[in-house]
Amino acid sequence: MTVALSEILSSRRLSGDTVTFTATEDWMQGRTMFGGFLSALAVVAMRDTLGIDMPLRALQTNFVGPVPAGDVVYRTRLLRQGKSVSQVQCEIYSDETLAGLVVGVFGAPRESALPVLTPEHKPLPKKVEELPALPFIPKITPNFLQHVEMRWAIGSIPYMGNPFWESGIYIRATDKNLSPEVLIVMLSDGPPTPCLSHFKGPVMASSVSWSLELPPIPANIDSEGWFQIDMETKAGSDGYVNQSAKLWTPNGQLASLGYQVVAVYG
């Protein structure tokens, strides 16, 4: 049985500065919850408890410990509220143990003399319908792939023994009832690190920290369309890799910029 993210959000419980979500097994990634899922819940908790209505500009997540299925408690604290920028801290607890720490930066639009600058969007070399879907295989692929679809156009799926450091992937959520903000945060952490393509068998990898930056969210995002995510491994040594990612909307507009430190156990 799977539980859509929109259902998990609709059943959340708010009490003062805490929000409790019931996370289900189908959102697991190995022995913990999928990181994009946990971070998206943090943004919802921040808005629930503090009533912030400014756009989300940045999100920094430290994954402290594993989060199993069950109740997950988010406790928020306003760090600073300025005229145009507010910073919020959110602690994630599993069974009363600190499991994650998230800081969100919300900022109102400012008048500026600077011209608009956006990265160039380069379409993937193959159309999505030309590519095979990454199937969900119980006990082999992560459980959360029941909620996220991916198709590789550049690079390779994990564990194929192909030495790629980059990937270009079509990605979308199966849940069509998510806000653009929640959708973008979740999808920005969807694919595995490209370096797993180097291995010829299963190897564990785990995000240690994740920094996400969001330009203004484009209007009228097609939540049913395929997003594009471009990932690049920047450096790697001592069992860690540093990587960057760009997420693009189905219309080719920049949706997020991400940076991660990933521990690779192999």
Side-chain angles (χ1 to χ4, degrees), residues 5-6 8-21 23 33-65 67 72-94 98-119 177-190 207-221 223 244-247 249 253-261:
L5 178 52
S6 55
I8 291 174
L9 295 179
S10 66
S11 63
R12 66 191 185 274
R13 288 98 71 196
L14 173 63
S15 177
D17 64 351
T18 67
V19 183
T20 302
F21 302 88
M33 288 290 150
F34 162 44
F37 168 81
L38 291 174
S39 295
L41 296 186
V43 176
V44 173
M46 292 174 187
R47 292 202 182 278
D48 274 355
T49 55
L50 297 169
I52 296 174
D53 61 0
M54 293 183 290
L56 177 66
R57 302 291 178 176
L59 198 69
Q60 292 91 36
T61 304
N62 286 343
F63 300 102
V64 179
V67 180
V72 186
V73 177
Y74 286 71
R75 184 172 299 141
T76 66
R77 179 163 67 100
L78 181 64
L79 299 177
R80 185 178 188 275
Q81 184 170 8
K83 291 182 179 180
S84 58
V85 176
S86 292
Q87 300 203 35
V88 182
Q89 176 180 292
C90 184
E91 296 175 337
I92 305 173
Y93 288 90
S94 174
L98 182 66
L101 183 63
V102 185
V103 174
V105 180
F106 300 83
R110 298 170 179 267
E111 290 189 8
S112 176
L114 288 172
V116 174
L117 174 65
T118 58
N177 298 307
L178 301 174
S179 70
E181 182 177 76
V182 167
L183 181 63
I184 287 170
V185 171
M186 184 182 71
L187 293 182
S188 294
D189 190 40
S207 295
V208 178
S209 66
W210 180 38
S211 176
L212 190 66
E213 299 170 5
L214 293 90
I217 294 177
N220 302 318
I221 288 179
S223 62
S244 64
K246 292 186 181 75
L247 181 72
T249 72
Q253 297 166 290
L254 182 67
S256 71
L257 297 164
Y259 309 90
Q260 285 195 61
V261 177

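All values reported here derive from a predicted model rather than from experimental measurement.
In this view, S6 and A4, D175, N177, L178 satisfy the side chain to side chain contact (heavy atoms under 4.5 Å, CB included) rule, not counting sequence neighbours.
The backbone N or O of V43 lies less than 3.5 Å from no partner atom in the side chain of Y74, so there is not a single donor-acceptor pair. No side-chain donor-acceptor contact under 3.5 Å links S15 to the backbone of T18.
Interatomic distance, OG1 of T76 versus CZ of R47, reported as 12.5 Å (0.5 Å rounding). To the nearest 0.5 angstrom, L41 atom CG is 11.0 Å from T20 atom OG1. The distance from the CG atom of L254 to the NZ atom of K246 is 8.0 Å, given to the nearest 0.5 Å. Rounding to the nearest 0.5 Å gives a distance of 9.0 Å between CG of L214 and CG of L247. Interatomic distance, CG of L56 versus CE of M54, reported as 10.5 Å (0.5 Å rounding). Note that the CD atom of E213 and the OH atom of Y259 stand 4.5 Å from one another [nearest 0.5 Å].
Nearest heavy atoms, F21 versus R12: CE2-CD, 3.5 Å. Closest heavy-atom contact between S209 and N62: CB-OD1, 3.3 Å. Closest of all the heavy-atom pairs between A255 and P215 is O-CD, 3.5 Å. Across A99 and V67, no two heavy atoms sit closer than the pair CB-CG2, 3.5 Å. A pairwise comparison of heavy atoms in P55 and A108 identifies CD-CA, 4.3 Å as the closest pair. Here the shortest heavy-atom pairing between C90 and M46 reads CB-CE, 3.6 Å.
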Should L101 and Q89 be marked as a side chain to side chain contact (heavy atoms under 4.5 Å, CB included) after you check the CA-CA gap, both sets of side-chain angles, and the distance that decides it? CA-CA 7 Å; L101 183 63; Q89 176 180 292; 3.7 Å; yes
Subject >> Derivation and outcome, side chain to side chain contact (heavy atoms under 4.5 Å, CB included), residues I221 and I184 >> reply: CA-CA 10 Å; I221 288 179; I184 287 170; 3.8 Å; yes
- Message: If you apply the rule side chain to side chain contact (heavy atoms under 4.5 Å, CB included), what do you find for F106 with V85, and how did you get there?
- Response: CA-CA 6 Å; F106 300 83; V85 176; over 6 Å; no
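A 4.5 Å side-chain heavy-atom check between L38 and T61 finds every atom pair outside the cut-off. Put simply, the side chain of Q260 reaches to within 4.5 Å of the side chain of D189, judged on heavy atoms.
Among V72, L9, V44, T49, the one residue that satisfies the side-chain contact (heavy atoms from CB on, under 4.5 Å) test with V19 is T49.
Using the six-membered ring where Trp is involved, F63 and W210 have ring planes that are parallel, under 30° apart on the 30 and 60° scheme.
Within the structure, the salt bridge (charged side-chain N to carboxylate O under 4.0 Å, His left out) test picks out no pair touching residues 105-115 (sequence neighbours left out).
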